[in-house]
Colleague: 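Here it is, the structure, as C-alpha cells.
Lettering of chains follows the sequences in order, A, B, ..., and the numbering in each one begins at 1. Owing to the predicted nature of the structure, the values given are computational and were not obtained by experimental measurement.
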2 protein chains.
Amino acid sequence: MLVEKVSLCDLWPRSREKALNSSAEERLRFAETFKTEQFHIAAGTTFMQQGMPGEHLYTVLKGWAFRYKSLDDGRRQILGYALPSDMLGLQGCLMQELHHSVEALTDLTLCGLSRHRLWELYSGFPSLAFDLTWLAARELKTLDDQLLSVGQRSALERTACLLLHLFARAEEEDLIEQGKLQLPLTQQHLADTLGMSLVHTNKTLKRIYEAKAVRWRGRSFELLDRDALRRLAADG
Amino acid sequence: MLVEKVSLCDLWPRSREKALNSSAEERLRFAETFKTEQFHIAAGTTFMQQGMPGEHLYTVLKGWAFRYKSLDDGRRQILGYALPSDMLGLQGCLMQELHHSVEALTDLTLCGLSRHRLWELYSGFPSLAFDLTWLAARELKTLDDQLLSVGQRSALERTACLLLHLFARAEEEDLIEQGKLQLPLTQQHLADTLGMSLVHTNKTLKRIYEAKAVRWRGRSFELLDRDALRRLAADG
DNA sequence: CGGGTTCTTGACTAGTTTCAAGCAAAGTGG
DNA sequence: CCACTTTGCTTGAAACTAGTCAAGAACCCG
C-alpha cells in the first residue's frame, strides 16, 4: 500500500505553489533518521483532546478530521477540517497543553512525530522546518477567512463560502471523482462550523440547492455551478 | 533609547513560558549577521494591504496594530491585535500575496526582516526559527479562541471575553500602569472584532459597565473586577 | 469656539434561534 | 426478512437576539 511507504514529510510540499527550497535530499535524510510512526484511527474517534498534553505532531496521510473547541454547556465550534497534507497538533507540541480537540470524520491514517524530536527537525532539517511553517501559515490564512465569514457574512454567504472552500481544498488533494466528492459531514457539522443553528443551516442549504449550485445527497457532494455558488457567496 | 538597541529576535522569547532551547548565543550571532531595519509608522496608517506582496516579516517593538480583512461592500472583520513581541507578515512572506491588511492603532515601532532572508534564518538560526514557529502557534491559538467566541458566544459573553483577552495580553507586555491600560480602540473596533453592530456593542458595553466589571473612559481602561468579567464571559 | 469623531439612546425591523413535529434513510436484532 | 431504533433531514410557527435607522449628547482637536 502506498500509505506504508510515505513518511511525515512526503506530503508536506505537495500544496506549495512554489518551493522556496528544494528539500528532496533533506527529505530522504529525514526518512532515514526518523522512524516516524504511523497511526490508524477509526472514524468518530476523538484522538486529541482539549486540555491534554500534545505528544505528537501529525500529518494526515488519508482521511478527514476536524478540530473543534467546546464550551461547558455543550456548544461546539468547529475550527477547521484536516485533509491529507494537513498538519495537526503543532500548537499542542509547542505549548503545555492542547487548546482544541480533534475528531476523525473518516477512518484516518496519520504519520506522527514525537514532540521531543521537533527540535531535531528544526536543527537538522531546516527546509522541512520551513515547510512546516508554510503549513502553519496556510492554517492561519484559513482561520482568517473563516473568522471573516462568521463575523461579517450573512448565513447564505457564509454557507456558500464554506462549501466553496471545502470543495477547493478537496480538489487540491485530488479527492474529486467524476465531479463528485465523498463529503463525510452532516449538517450539524456545517452548522457548528458556521456558528449557526442546525435548522437555519438546513434552510440555507435549501436555498443553495434551489439555486442549482450544488447537489448533496448522502455523502455524495457535487458542485453543479461554481459561478452560481460564488455569486451566492459574494452577494448574500 | 531602548528601541534603538533591540533587534528582531530580542523580543520573541519573552512570552515563552519555557524555552525549549536557549537561543541567547544564537541571538547574538543573529544580531551581528542581520542588519535588521527599524520602521516607524504613524497611528492610523495602513502599512500592509490585502492583495499586495508581503516584503517583510515584522516584529512589533512598541505600539498597537490590528489585522483585518475587508469585503467589497465595506464590511470589515478585525482578525486580531498586535502588541509588542507579536509578529506580523509571516503569511505574506510565505505566500505570493497578503490576505489581510494591517493598520497602526498608535505610533508604531517595528523591526523588519526582508522575506528574502527568511530562509537564511531557518538554515542558520534554528532556535530563532523555532521561536518564530512558537509565535505562529500562539497566533493560531488566539484565532481559535476568537472563532469560538464569534461563532458560539452571545454578545455579552463575547465582549467580556475580548476585554479579558486584551487586558491579559497587555499584562504580559507590562502595559498596565496603576491598574490602568491605555487602550487605543474605539467601540467601532470592538464591534468589527466581535462581528457585531456598533449600536449593539455599545449597549453590551453598557451592561458590562453596570456590572462594575470595567471602567473605560476615553483611552483609559481599568479592570475593576476580573471575576465579575469572567462570570459575564462564561454565563452570558 | 466650531467641526468632526465617538458615544449613547429609543423605536422599529430583520435575521436567526428555539421549539415541535414528521419524515427518510440506514443500521440492528429477533 | 421485517419490525424497531437511531440518526439525520425537513418544515412551520413563535420567540428573541441583534441589526438598522435616526437623532442628540459628549468629547476632542485645531
Colleague: Taking CH2 from A:Trp216 and C1' from C:dA25, how many angstroms apart are they, rounded to a whole number?
Modeller: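 Between C1' of C:dA25 and CH2 of A:Trp216: 15 Å.
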Colleague: Is the distance from OP1 or OP2 of D:dC9 to the nearest side-chain N or O of A:Asn202 less than 4.0 Å?
Modeller: no
Colleague: If the test is salt bridge (charged side-chain N to carboxylate O under 4.0 Å, His left out), which one of A:Lys212, A:Arg217, A:Arg215 qualifies with A:Glu222?
Modeller: A:Arg215
Colleague: Please determine whether a side-chain nitrogen of the Lys or Arg among A:Lys62 and A:Asp107 lies less than 4.0 Å from a carboxylate oxygen of the Asp or Glu.
Modeller: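 No, this pair does not count.
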Colleague: So, applying side chain to side chain contact (heavy atoms under 4.5 Å, CB included) with B:Val214, which one of B:Leu181, B:Leu164, B:Asp225, B:Leu223 is it?
Modeller: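 By the side chain to side chain contact (heavy atoms under 4.5 Å, CB included) criterion, B:Val214 pairs with just one of B:Leu181, B:Leu164, B:Asp225, B:Leu223: B:Leu223.
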Colleague: Of B:Gln77, B:Arg67, B:Gln91, B:Lys69, which meets side chain to side chain donor-acceptor pair (under 3.5 Å) against A:Asp144?
Modeller: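 The passing option is B:Arg67.
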Colleague: Ring centres of A:Phe39 and A:His56 under 6.0 Å apart?
Modeller: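 Here the rings of A:His56 and A:Phe39 have centres that are less than 6.0 Å from each other.
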Colleague: Within residues 179-193 of chain B, which residues have any heavy atom lying less than 4.0 Å from an atom of DNA chain D?
Modeller: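 When residues 179-193 of chain B is checked for heavy atoms under 4.0 Å from DNA chain D, there are no hits whatsoever.
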Colleague: Please lay out, stage by stage, how A:Glu157 and A:Arg231 fare under the test salt bridge (Lys or Arg N to Asp or Glu O under 4.0 Å).
Modeller: CA-CA 9 Å; A:Glu157 292 171 321; A:Arg231 278 192 299 277; over 6 Å; no
Colleague: Can you confirm whether the side chains of A:Thr201 and A:Arg158 place a donor and an acceptor under 3.5 Å from each other?
Modeller: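 Judged by distance alone, the side chains do not pair up.
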Colleague: If the threshold is 4.0 Å, N to carboxylate O, is there a salt bridge linking B:Lys141 and B:Asp145?
Modeller: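 Salt bridge: yes.
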Colleague: Between B:Glu171 and B:Arg226, does any side-chain N to carboxylate O distance fall below 4.0 Å?
Modeller: yes
Colleague: Answer yes or no: is there an ion pair linking B:Glu172 with B:Arg169, defined by an N-O contact shorter than 4.0 Å?
Modeller: yes
Colleague: Would you give a per-nucleotide map of nucleotides 12-20 of chain C, 5' to 3', where B means the base has a protein non-hydrogen atom under 4.0 Å away, S means only the sugar-phosphate does, and - means neither?
Modeller: ----SBBB-
Colleague: Measure CZ/A:Arg219 against P/C:dA26 and give the value in whole Å, please.
Modeller: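 Rounded to whole Å, this separation is 11 Å.
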Colleague: Phosphate oxygens OP1/OP2 of D:dT11: is one of them under 4.0 Å from a side-chain N or O of A:Lys206?
Modeller: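 Checking A:Lys206 against D:dT11: at least one side-chain N or O falls below 4.0 Å of OP1 or OP2.
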Colleague: Between the protein and nucleotides 27-30 of chain D, which nitrogen or oxygen pairs are less than 3.5 angstrom apart?
Modeller:
none

Colleague: Give the rounded distance in Å between these two atoms: CG of A:Leu105 and P of D:dG8.
Modeller: 12 Å
Colleague: How close or far is atom C1' of D:dA18 from atom CG of B:Leu194, stated in whole angstroms?
Modeller: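 Rounded to whole Å, this separation is 13 Å.
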Colleague: Would you mind telling me which of B:Trp64, B:Tyr68, B:Phe66, B:Tyr81 makes a ring pair (Phe, Tyr, Trp, His ring centres under 6.0 Å) with B:His189?
Modeller: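 Of the listed residues B:Trp64, B:Tyr68, B:Phe66, B:Tyr81, the ring pair (Phe, Tyr, Trp, His ring centres under 6.0 Å) partner of B:His189 is B:Phe66.
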